[in-house]
Amino acid sequence: MREEIPDWRYLLIGAGPAAAAAAVAIRACDREGSLLMLGAEAEGPYQRPPLSKGLWLGKDHLDDLPLKSPAEWEALAVQRHLGDPVRQLDASARKVTTAAGKTYTYHRLLLATGGRARRPRDLPPELATRVFTLRSLDDYEGLRAALHPGLEVLVVGGGFLGAEMAAALSQQKGLSVHYAVAGAAPLAHILPPVLQKEIGARYEKAGVVLHPQHRLADLSLEQDRLTARFDGVGALACDLLIYATGMEANVELAQQAGLTLRLGGVRVDAQMRSSDPHIWVAGDLASYPDPVWQVPIRLEHWDNAEATGRAAGLAMAGAGEPFTHQSLFFSDLYEFGFEAVGRCEVQRVLRVAAERGGKAAVVYYGEGSEVQGVLLWNLWDKVDTVRAGIADRRPLDDPFWRRSLEAW
């Protein structure tokens, strides 16, 4: 007798914030259609930002991480099959197969598989217990268990994750923290020099030994110590290394399905629909038209995952509309924190308004007189104002942008 393959109206591949937001959006429009969420991790959708922030500082706790309880997912009639990653996607047959050999068919599919942490190339097996990445709850728990007072730890990576981990570890008892960045300072790809100087001084005040212009070349084990060598600037010895250089999007299923790729992810339209009319994409994978400037963008931030997931879910349920959300990204480092919207790259800085000591600042980014991004440093509850100014395409010399820091 031929085994019957389960058929789902909505099949969500991924169990992160994008898939969670999509499931909630679908259920807001369609309470009856069968809905299955497939996740590679054993945990259901949970918050990831605390993994490099609040969990280390006691501001968040493991019990706070789940986005919804099992009972809440059950009340929404969202079935979840977790801990069994999808390995094959046959778009022509509208069929997926998991690592455990389970097969499902679908009418409408969401790809929200996120990404995986980059790892050092050609890492020798004997270093596996000394080199850590941080992407999942399992990663956090593994790193937490490995750390204890007296260790010398090296954080590598000048982006958000590296900056947050170096700050968090410097506030753990008994650790000696070194921090190597390829650029001139932590977050040098977005922060102007005046803020690079302030944040660099704050790391040093916290006891972090900063190593700017250090690009990792290779790793080895010497006399039971990990040795990290850097291009042209020597080597550093440590007990553990946290490799925090970003992520790689999980595009393998999209490639199997023959979807059109763009910017390292999957090209979608303004309703998150891919080149296959039965497949939508959200979160880190989605390369969509910027809602203001219409150029393709792909973002790897929490707010973007939730917003694109919601948009995809609504479209899958037949209630889609053009995506207009300008995604936010944020970070917290010691007493400093910032929120930013738009294209915020240091080479595109147009103007900086900053208080002495880094107490507050506004950084404007763009081209010519066009303000295409704004970073708010230690200024809160202003994001909607910034979004409105960017959406209206107000030029840099507009009084809207020329307000004083006090007026912000």
Side-chain angles (χ1 to χ4, degrees), residues 52 56 116-135 139 143 146-147 149-172 174-248 264 300 331 333-334 336 338 344-349 358 363:
S52 59
W56 296 96
R116 56 192 179 274
R118 288 195 180 97
R119 295 187 62 81
R121 292 182 179 179
D122 304 320
L123 184 68
E126 64 270 20
L127 302 185
T129 60
R130 295 173 180 260
V131 177
F132 293 82
T133 57
L134 187 67
R135 179 72 184 170
D139 293 339
L143 176 58
L147 292 171
L151 290 182
E152 196 167 8
V153 179
L154 172 62
V155 179
V156 174
F160 293 99
L161 181 59
E164 290 166 2
M165 285 306 304
L169 295 180
S170 73
Q171 297 173 75
Q172 307 304 300
L175 293 182
S176 176
V177 180
H178 290 253
Y179 182 21
V181 299
L187 300 178
H189 64 297
I190 61 167
L191 296 183
V194 63
L195 295 181
Q196 292 180 29
K197 180 179 178 180
E198 295 296 342
I199 197 62
R202 185 63 181 88
Y203 278 107
E204 293 175 352
K205 181 180 178 181
V208 176
V209 182
L210 273 176
H211 302 277
Q213 309 295 352
H214 274 56
R215 186 176 299 276
L216 186 66
D218 64 73
L219 297 167
S220 62
L221 193 64
E222 300 178 12
Q223 298 180 345
D224 202 36
R225 292 267 283 172
L226 185 63
T227 298
R229 293 181 178 81
F230 298 86
D231 288 336
V233 290
L236 295 171
C238 60
D239 298 300
L240 298 178
L241 182 143
I242 293 93
Y243 193 74
T245 62
M247 55 151 275
E248 298 175 276
E300 299 170 357
S331 191
L333 305 167
Y334 304 107
F336 298 130
F338 64 83
C344 300
E345 300 147 356
V346 69
Q347 67 271 23
R348 294 162 51 82
V349 171
V363 186

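All values below come from the heavy atoms of this structure, side chains included, with hydrogens, waters and symmetry mates left out.
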(message) To check you understand the geometry: which heavy-atom pair defines the closest contact between A184 and P212, and what is its length?
(response) O-CB, 3.4 Å
(message) With a 4.5 Å cut-off on side-chain heavy atoms, are H178 and H211 touching?
(response) yes
(request) Using atom types as modelled and distance alone, determine if a side-chain donor or acceptor of R229 lies under 3.5 Å from a backbone N or O of A217. (result) no
(request) Could you tell me which non-hydrogen atom of Y334 sits nearest to which non-hydrogen atom of A206, and how far apart they are? (result) OH-CB, 3.4 Å
(request) Answer yes or no: is there a side-chain heavy-atom contact under 4.5 Å between D139 and L143? (result) no
(request) Search all heavy atoms of P120 against all heavy atoms of V131 and return the closest pair with its distance. (result) CG-CG1, 4.1 Å
(request) Mind listing the closest non-hydrogen atom pair of S170 and A167 along with its distance? (result) OG-O, 2.8 Å
(request) To the nearest 0.5 angstrom, please state how far the CD1 atom of I190 sits from the CD atom of Q196. (result) 9.5 Å
(request) Identify the heavy atoms of E222 and S220 that sit nearest to each other, and give their distance. (result) OE2-OG, 3.1 Å
(message) So L134 and S52, do their side chains get closer than 4.5 Å, heavy atoms only?
(response) yes
(message) Regarding R130 and D239, does a basic nitrogen lie under 4.0 Å from an acidic carboxylate oxygen?
(response) no
(request) Report the distance from atom CD of E152 to atom CZ of R225, rounding to the nearest 0.5 Å. (result) 4.5 Å
(request) Could you grab the distance from atom CG of L161 to atom OG1 of T133, nearest 0.5 Å is fine? (result) 9.0 Å
(request) Could you tell me whether Q223 atom CD has more than 12 heavy atoms of other residues or ligands within 6.0 Å of it? (result) no
(message) Can you see whether F230 has R215 sitting over its ring - NZ or CZ less than 6.0 Å from the centre and within 45° of the normal?
(response) no
(request) Determine whether L241 and L219 make a side-chain contact, defined as any pair of heavy atoms from C-beta on separated by less than 4.5 Å. (result) yes
(request) For residues L333 and S331, determine if any side-chain heavy atom of one lies less than 4.5 Å from a side-chain heavy atom of the other. (result) yes
(request) Could you tell me whether the side chain of L240 reaches within less than 4.5 Å of the side chain of L151, counting heavy atoms only? (result) yes
(message) Can you give me the closest heavy-atom contact between L154 and C238, atom names plus distance?
(response) CB-SG, 3.8 Å
(request) Check step by step if ring-ring contact (aromatic ring centres under 6.0 Å, His included) holds for Y179 and Y203. (result) CA-CA 9 Å; Y179 182 21; Y203 278 107; 5.4 Å; yes
(request) Give, for atom CD of E164 and atom CH2 of W56, the distance between the pair rounded to the nearest 0.5 Å. (result) 12.5 Å
(request) Determine whether L175 and V153 make a side-chain contact, defined as any pair of heavy atoms from C-beta on separated by less than 4.5 Å. (result) yes
(request) Determine, stepwise, if the pair R135 / M247 fulfils side chain to side chain contact (heavy atoms under 4.5 Å, CB included). (result) CA-CA 8 Å; R135 179 72 184 170; M247 55 151 275; 3.6 Å; yes
(request) Measure the acute angle between the ring planes of F338 and F160, then classify it against the limits of 30° and 60° as parallel, tilted or perpendicular. (result) tilted
(request) Report yes if the side chains of L191 and I199 come closer than 4.5 Å at any heavy-atom pair, otherwise no. (result) yes
(request) Could you tell me the separation between the CG atom of L216 and the OH atom of Y243, rounded to the nearest 0.5 Å? (result) 6.0 Å
(message) Using 0.5 Å steps for rounding, measure from the CD atom of E248 to the CD atom of E300.
(response) 10.0 Å
(request) List the steps and the verdict of salt bridge (charged side-chain N to carboxylate O under 4.0 Å, His left out) for K205 and E198. (result) CA-CA 11 Å; K205 181 180 178 181; E198 295 296 342; over 6 Å; no
(message) Evaluate V156 against V181 for side chain to side chain contact (heavy atoms under 4.5 Å, CB included), listing each step before the verdict.
(response) CA-CA 6 Å; V156 174; V181 299; over 6 Å; no
